[in-house]
J.: 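Dropping a structure here in structure tokens format, bear with me for questions.
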2 protein chains.
Amino acid sequence: MNRNSHQRNVILEELRRVKTHPTADEVYLMARQRVPKISLGTVYRNLELMAEKGIIRRLDYVDGARRYDGDLTPHQHFLCRDCGRLYDLFLDLHESLEKVRSLAGSFQISEIKVELIGSCPQCQTGSKDSPSSSGCSTGAEF
Amino acid sequence: MNRNSHQRNVILEELRRVKTHPTADEVYLMARQRVPKISLGTVYRNLELMAEKGIIRRLDYVDGARRYDGDLTPHQHFLCRDCGRLYDLFLDLHESLEKVRSLAGSFQISEIKVELIGSCPQCQTGSKDSPSSSGCSTGAEF
DNA sequence: GTCTCTGCAAAGGTTTTGCAGTAAC
DNA sequence: GTTACTGCAAAACCTTTGCAGAGAC
């Protein structure tokens with residue numbers, strides 16, 4: 001069904017190589033260093049295809065452009081409101097997951113996406129690059 | 001500081017009136033029935049402004065266009081993979097929230113976004129409108 | 001009177017798509 | 001040989017922005 005194209009392999013390898021949840025455009029720039037004639041459309045098509053197949057993860061829930069993650073191990077993402085960095089957190093939330101499942105009753109859950117937002121360790125210690133504009137959302141959305 | 005414009009009030013009322021997490025464009029269509037000359041730009045500006053003030057909720061983590069929610073009470077969203085509907089779920093996740101906070105260590109969490117994905121009660125009982133294309137993501141991302 | 005907000009329209013950014021040619025099988 | 005995939009370019013979206021005028025206070 002699917003063919004094993006050089007471009008697709010490069011895209012996957014580049015995505016797995018970095019830890020930075022790149023956008024399609026960023027993947028395009030990385031891939032172009034190895035396949036100079038690769039097109040942005042090809043990158044979009046392959047990222048979407050691999051996300052559908054479950055080979056990579058698509059991050060819809062972060063601000064702005066869609067991002068992709070080559071790391072399939074269960075983990076969460078932490079977005080620092082001060083510096084804008086996106087961190088990987090590996091929290092063991094099995095128990096919480098089970099609780100959510102049981103609470104959801106007849107809604108059959110196959111996937112739970114969690115995004116944490118706040119202030120990262122670096123931004124808490126003194127040097128705040130860019131303090132958040134308005135102090136809203138103190139109450140969590142959980 | 002902020003002025004009390006008629007357009008802003010209409011936008012807020014319309015958003016609160018419905019349960020359908022509309023996009024900016026959908027809010028625009030609703031608002032236009034009451035303020036025919038309202039512009040899309042005004043809708044975007046006001047939604048963004050109210051989201052920043054914490055008067056409404058902005059849903060970044062759902063597919064496609066950004067959506068807004070006029071309901072500020074803590075709740076989660078459930079996206080049905082089969083029919084595409086977006087449900088509100090009111091699960092009490094205080095305990096889980098506390099656990100996440102403690103696990104996150106030096107990452108100071110101010111907000112936790114949770115999205116649940118799966119199959120809704122209606123789609124489970126027989127009549128599947130459009131069965132999911134590929135059986136990926138059986139493991140949760142938690 | 002001041003200053004924020006509006007409508008309009010244009011621009012900006014991201015993602016999708018049509019098509020003819022290329023490459024994988 | 002067949003058919004999925006590619007590069008290119010245009011189109012389709014969604015969102016933001018500049019500006020002059022209107023409206024809130």
Side-chain angles (χ1 to χ4, degrees), chain A residues 1-15 20-69 79 84 86 130 133-134, chain B residues 1-15 20-53 55-69 79 84 86 133-134:
Chain A
M1 191 155 190
N2 285 327
R3 285 173 187 176
N4 185 25
S5 84
H6 181 221
Q7 285 88 338
R8 184 172 306 150
N9 289 335
V10 168
I11 289 168
L12 181 56
E13 285 169 20
E14 289 302 308
L15 183 60
T20 59
H21 321 90
T23 61
D25 195 68
E26 287 163 352
V27 174
Y28 168 61
L29 292 176
M30 299 188 302
R32 209 165 54 167
Q33 306 207 339
R34 291 175 52 189
V35 187
K37 294 206 71 183
I38 199 171
S39 81
L40 187 54
T42 295
V43 173
Y44 270 101
R45 274 185 284 234
N46 278 300
L47 287 173
E48 212 42 42
L49 191 148
M50 291 190 290
E52 250 175 47
K53 297 243 161 229
I55 298 168
I56 63 175
R57 261 171 76 172
R58 200 177 106 168
L59 310 182
D60 281 319
Y61 46 105
V62 178
D63 253 30
R66 184 175 295 160
R67 294 180 172 277
Y68 295 88
D69 191 345
L79 178 67
L86 189 64
S130 58
S133 48
S134 63
Chain B
M1 192 151 186
N2 285 328
R3 285 175 188 175
N4 185 24
S5 84
H6 181 222
Q7 286 88 336
R8 185 172 306 151
N9 289 334
V10 168
I11 290 169
L12 181 55
E13 283 169 22
E14 290 302 309
L15 183 60
T20 58
H21 321 89
T23 61
D25 197 67
E26 287 162 354
V27 173
Y28 169 61
L29 292 176
M30 300 189 301
R32 209 166 50 166
Q33 306 207 339
R34 292 175 53 189
V35 188
K37 294 207 71 182
I38 200 172
S39 80
L40 187 56
T42 295
V43 173
Y44 269 102
R45 272 186 284 233
N46 279 300
L47 287 173
E48 212 42 41
L49 190 148
M50 291 190 289
E52 250 175 47
K53 298 240 161 234
I55 298 168
I56 63 175
R57 259 170 77 174
R58 199 177 107 167
L59 310 182
D60 281 320
Y61 46 105
V62 178
D63 255 31
R66 186 175 295 161
R67 295 179 172 278
Y68 295 88
D69 191 345
L79 178 68
L86 189 64
S133 49
S134 63

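As a basis for the values below, the full set of heavy atoms in this structure was taken, side chains included, without hydrogen atoms, waters or symmetry mates. Just so we're on the same page: letters track the sequence lines, and every chain starts at 1.
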J.: So do the side chains of Ile38(B) and Val10(B) get within less than 4.5 Å of each other, counting heavy atoms only?
T.: no
J.: For the pair made of CG in Leu47(B) and C1' in dT6(C), what is the distance, rounded to whole Å?
T.: 15 Å
J.: How long is the gap from CZ on Arg8(B) to CG on Asn46(B), to the nearest 0.5 Å?
T.: 4.5 Å
J.: Polar-atom pairs under 3.5 Å, protein N or O versus N or O of nucleotides 23-25 of chain D: list them with distances, or write none.
T.:
residue: dG23(D); atom: N2; partner: Arg3(B); partner atom: NH1; Å: 2.6
residue: dA24(D); atom: N3; partner: Arg3(B); partner atom: NH1; Å: 3.0
residue: dC25(D); atom: OP1; partner: Asn4(B); partner atom: N; Å: 3.3

J.: Would you tell me if any nitrogen or oxygen in the side chain of Gln7(A) comes within less than 4.0 Å of OP1 or OP2 on dG7(D)?
T.: yes
J.: Please check: side-chain N/O of Arg67(A) versus main-chain N/O of Leu59(A), any donor-acceptor pairing under 3.5 Å?
T.: no
J.: Kindly give the atom pairs (protein nitrogen or oxygen, nucleotide nitrogen or oxygen) under 3.5 Å for nucleotides 16-19 of chain D.
T.:
residue: dG18(D); atom: O6; partner: Arg45(B); partner atom: NH1; Å: 3.4

J.: Is the shortest side-chain heavy-atom distance between Val35(A) and Thr42(A) below 4.5 Å?
T.: no
J.: Between P on dC8(C) and CZ on Arg32(B), what's the gap in Å once rounded to a whole number?
T.: 10 Å
J.: In this structure, how many angstroms lie between the C1' atom of dA24(C) and the CE atom of Met1(A), rounded?
T.: 15 Å
J.: Roughly how many Å is it from OH in Tyr28(A) to P in dG13(C), rounded to a whole number?
T.: 16 Å
J.: When you compare the side chain of Leu15(B) with that of Met50(B), does any pair of heavy atoms fall below 4.5 Å?
T.: no
J.: Which whole-number value in Å describes the distance from Glu26(A) CD to dG13(C) C1'?
T.: 14 Å
J.: Expressed as a whole number of angstroms, how long is the span from Leu12(A):CG to dC5(D):P?
T.: 15 Å
J.: Which nucleotide in the list dC8(D), dT6(D), dG7(C) gets nearest to the side chain of Arg8(A)?
T.: dT6(D)
J.: So, the side chain of Glu26(B) versus the backbone of Thr23(B): is there a donor-acceptor pair under 3.5 Å, distance only?
T.: yes
J.: Has Arg32(A) got a side-chain atom pairing as donor or acceptor with Leu40(A)'s backbone, closer than 3.5 angstrom?
T.: no
J.: Measure CG/Asp25(A) against C1'/dG13(C) and give the value in whole Å, please.
T.: 10 Å
J.: Please tell me if the side chains of Leu47(B) and Arg66(B) come closer than 4.5 Å, counting only heavy atoms from C-beta onward.
T.: no
J.: Using a strict threshold of under 4.0 Å (side-chain N to carboxylate O), is an ion pair present between Glu48(B) and Arg58(B)?
T.: yes
J.: Using the closest heavy atom to pick a nucleotide of DNA chain C for each, name whichever of Ile11(B) or Ala24(A) lands nearer the 5' end.
T.: Ile11(B)
J.: In whole angstrom, what separates Leu59(B)'s CG from dC14(D)'s P?
T.: 16 Å
